[in-house]
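Everything on this sheet refers to the single structure shown next.
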Number of protein chains: 2
Amino acid sequence: MNSSPPIVNNQNAGATQYVAGSGNSASVTSPTFSPLYQQIKALITQSLQSGEWKPGELIPSENELATRFKVSQGTVRKAIDELSAENLVVRRQGKGTFVATHHEARSQFRFLRLLPDEGVPHYPENRIIEVKRLRAPADVARLLDIKSGDSVVFLRRVQAFSGVPTILDELWLPGVIFKGLTAERLNEYKGPMYGLFETEFGTHMIRASEQIRAVCAEPLAAQLLNVSVGTPLLNVERVSFTYGDKPVELRRGLYLTSAHHYQNELS
Amino acid sequence: MNSSPPIVNNQNAGATQYVAGSGNSASVTSPTFSPLYQQIKALITQSLQSGEWKPGELIPSENELATRFKVSQGTVRKAIDELSAENLVVRRQGKGTFVATHHEARSQFRFLRLLPDEGVPHYPENRIIEVKRLRAPADVARLLDIKSGDSVVFLRRVQAFSGVPTILDELWLPGVIFKGLTAERLNEYKGPMYGLFETEFGTHMIRASEQIRAVCAEPLAAQLLNVSVGTPLLNVERVSFTYGDKPVELRRGLYLTSAHHYQNELS
DNA sequence: AAGTGGTCTAGACCACTAT
DNA sequence: TAGTGGTCTAGACCACTTT
């Protein structure tokens with residue numbers, strides 16, 4: 001708590017020079033030189049990252065934070081505006097601001113973009129094929145920002161819509177974080193895996209980057225998805241990040257797109 | 001200009017009741033009941049849609065708009081904040097706010113998500129295969145929100161990276177809007193087609209919705225992309241919209257993803 | 001009634017761009 | 001020097017939720 005840099009207001013309404021933090025004061029060399037609300041945003045993000053407020057919990061009110069950081073309520077508001085736009089927190093009028101969680105209906109499809117060509121979207125059933133621990137190959141290690149040979153959890157599963165196998169996922173997870181992950185716990189769990197990751201392993205995914213290609217089904221995929229070898233599949237490679245842009249999941253999904261499609265909005 | 005609804009402030013700092021528009025006044029039944037800044041945003045959007053300010057042009061300053069609409073500068077600011085977030089306008093400190101245009105380096109890849117697996121992204125070369133006018137089939141008409149049998153321009157082209165054919169596009173455009181579109185004008189033009197659409201046909205695309213699938217190359221596609229029949233391709237179906245969420249382009253793209261990938265950020 | 005986020009105003013200063 | 005957008009403050013009222 002003592003290592004945080006001072007809050008520096010580089011530009012205000014001719015009033016006091018705002019300096020906060022740990023009794024810090026004077027001789028401000030303005031090391032950051034970023035807008036106040038960005039500094040506040042960074043401080044709030046730190047609290048989210050450190051687990052001071054956990055997913056689903058209420059964070060202090062705008063007025064409380066304004067008092068704590070010694071800035072106006074409007075400045076805190078602008079900071080939270082951005083955090084809200086980035087889906088890190090959720091505002092509820094009259095109630096307060098809450099840390100975003102994957103245990104909500106509204107977030108079910110945020111990381112699952114495969115929708116039925118016709119009919120109402122619904123979440124698929126999971127079937128875990130295998131879970132094992134192994135040493136990270138070089139390419140996996142690089143993407144997860146760990147050392148080659150470090151322990152990783154490898155996981156393979158099939159997702160089905162109304163009994164029709166449609167998605168084959170292969171995941172690589174840092175072994176350090178996902179210690180006790182077993183097929184049993186995964187099979188018991190309903191809904192997005194990110195909910196379980198959040199609750200059981202304290203790892204909240206905040207964003208992901210995907211690379212999409214078209215490929216032909218190889219024997220294993222063909223068998224698990226119940227299609228012929230050579231059937232065209234969508235190959236979706238994803239790296240997911242938690243707070244601080246730290247990569248914590250590498251995923252390769254093969255999507256059968258004969259009755260579903262990957263939906264994307266360009267805006 | 002006389003048909004615009006009055007601006008109604010449903011909540012302000014105990015001061016005057018703000019009503020603007022065309023000399024309108026009194027007996028306000030509050031038909032809209034939306035925040036002031038949303039009403040201002042709608043008015044600005046109307047001006048964009050009507051062509052009062054064209055792409056690339058400077059719009060009036062926040063203070064001018066505040067005076068015109070009889071609201072505070074902060075309210076105009078919040079309206080423009082959202083328009084800026086939606087890429088309808090671009091702010092430049094010290095200069096002003098400009099109508100967004102497709103003639104900018106920063107917007108080159110906004111609607112082209114296919115990136116090379118290795119190396120620096122660069123814009124592909126175009127080769128127009130054919131342009132013809134025909135009557136809209138039922139499915140095309142439905143997506144373009146026109147009547148079945150209405151005139152549409154059909155266009156087929158191949159895009160290549162460093163001489164390697166990679167994208168086969170088929171487009172359907174409303175004939176009413178894209179009257180004089182010819183292969184010559186398209187071939188002369190460098191860069192994104194949306195730039196030409198904007199300049200030559202006064203149609204600015206603001207967003208698009210894509211559905212992605214994996215398919216096998218059929219004979220025509222195989223020939224034009226110089227691959228074997230059956231090669232897996234990314235099938236990207238896009239509907240593009242201009243102001244007022246009006247659909248004005250239907251596009252089917254076939255992407256060869258052996259050296260490129262479709263990049264998508266989930267946030 | 002009290003507390004929360006949501007909206008609106010007014011006024012100040014800063015950073016950047018043009019003249 | 002003047003004008004633009006960018007930041008910050010202070011204070012008011014509204015809409016919603018809980019006590």
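Each chain gets a letter, A, B and so on, in the order its sequence line appears, and its residues count up from 1.
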Taking atom C1' of D:dT17 as reference, at what distance in whole Å does atom CZ of A:R91 sit? 17 Å
Length of the line joining B:Y37:OH and C:dT9:P, which is rounded to integer Å: 13 Å
Does the side chain of B:K95 get closer than 4.0 angstrom to OP1 or OP2 of C:dA18 through an N or O atom? yes
Taken to the nearest whole Å, CD/A:E62 to P/C:dT7 is 11 Å
What does A:Q93 touch in the nucleic acid at a heavy-atom separation under 4.0 angstrom: a base, only the sugar-phosphate, or nothing? base
If we ignore angles and hydrogens, is there a donor and acceptor under 3.5 Å between the side chains of B:Y262 and A:N264? yes
Could you check whether A:E198 and A:H204, counting side-chain N and O atoms only, form a donor-acceptor pair closer than 3.5 Å? yes
Output yes when at least one side-chain N/O atom of A:T97 is less than 4.0 Å from OP1 or OP2 of C:dG5, else no. yes
Rounded to whole angstrom units, what separation is found between the CG atom of B:L83 and the C1' atom of D:dG5? 15 Å
A:I59 has an atom CD1; how far is it from atom C1' of C:dT4, in whole Å? 12 Å
Per ring-ring contact (aromatic ring centres under 6.0 Å, His included), B:Y194 is matched among B:F201, B:F241, B:F111 by B:F111
Of A:R77 and B:Q73, whose nearest nucleotide on DNA chain C comes first from the 5' end? A:R77
Does A:S61 place a side-chain N or O at less than 4.0 Å from the phosphate oxygens OP1/OP2 of C:dT4? yes
Can a salt bridge be assigned to the pair B:R91 and B:E62 using a cut-off of 4.0 Å between side-chain N and carboxylate O? yes
Where each residue is assigned the nucleotide of DNA chain D containing its nearest heavy atom, which of A:G94 and A:S72 is assigned the position nearer the 5′ end? A:S72
Specify the separation, in whole Å, of atom NZ of A:K78 and atom P of C:dT7. 15 Å
What integer distance in Å separates A:Q38:CD from C:dC14:C1'? 16 Å
Just to verify, which of A:R251, A:R207, A:K246, A:E249 counts as forming a side-chain hydrogen bond (donor to acceptor under 3.5 Å, both in side chains) with A:S240? A:E249
Separation of A:F98 atom CZ from D:dT18 atom P, in whole Å? 9 Å
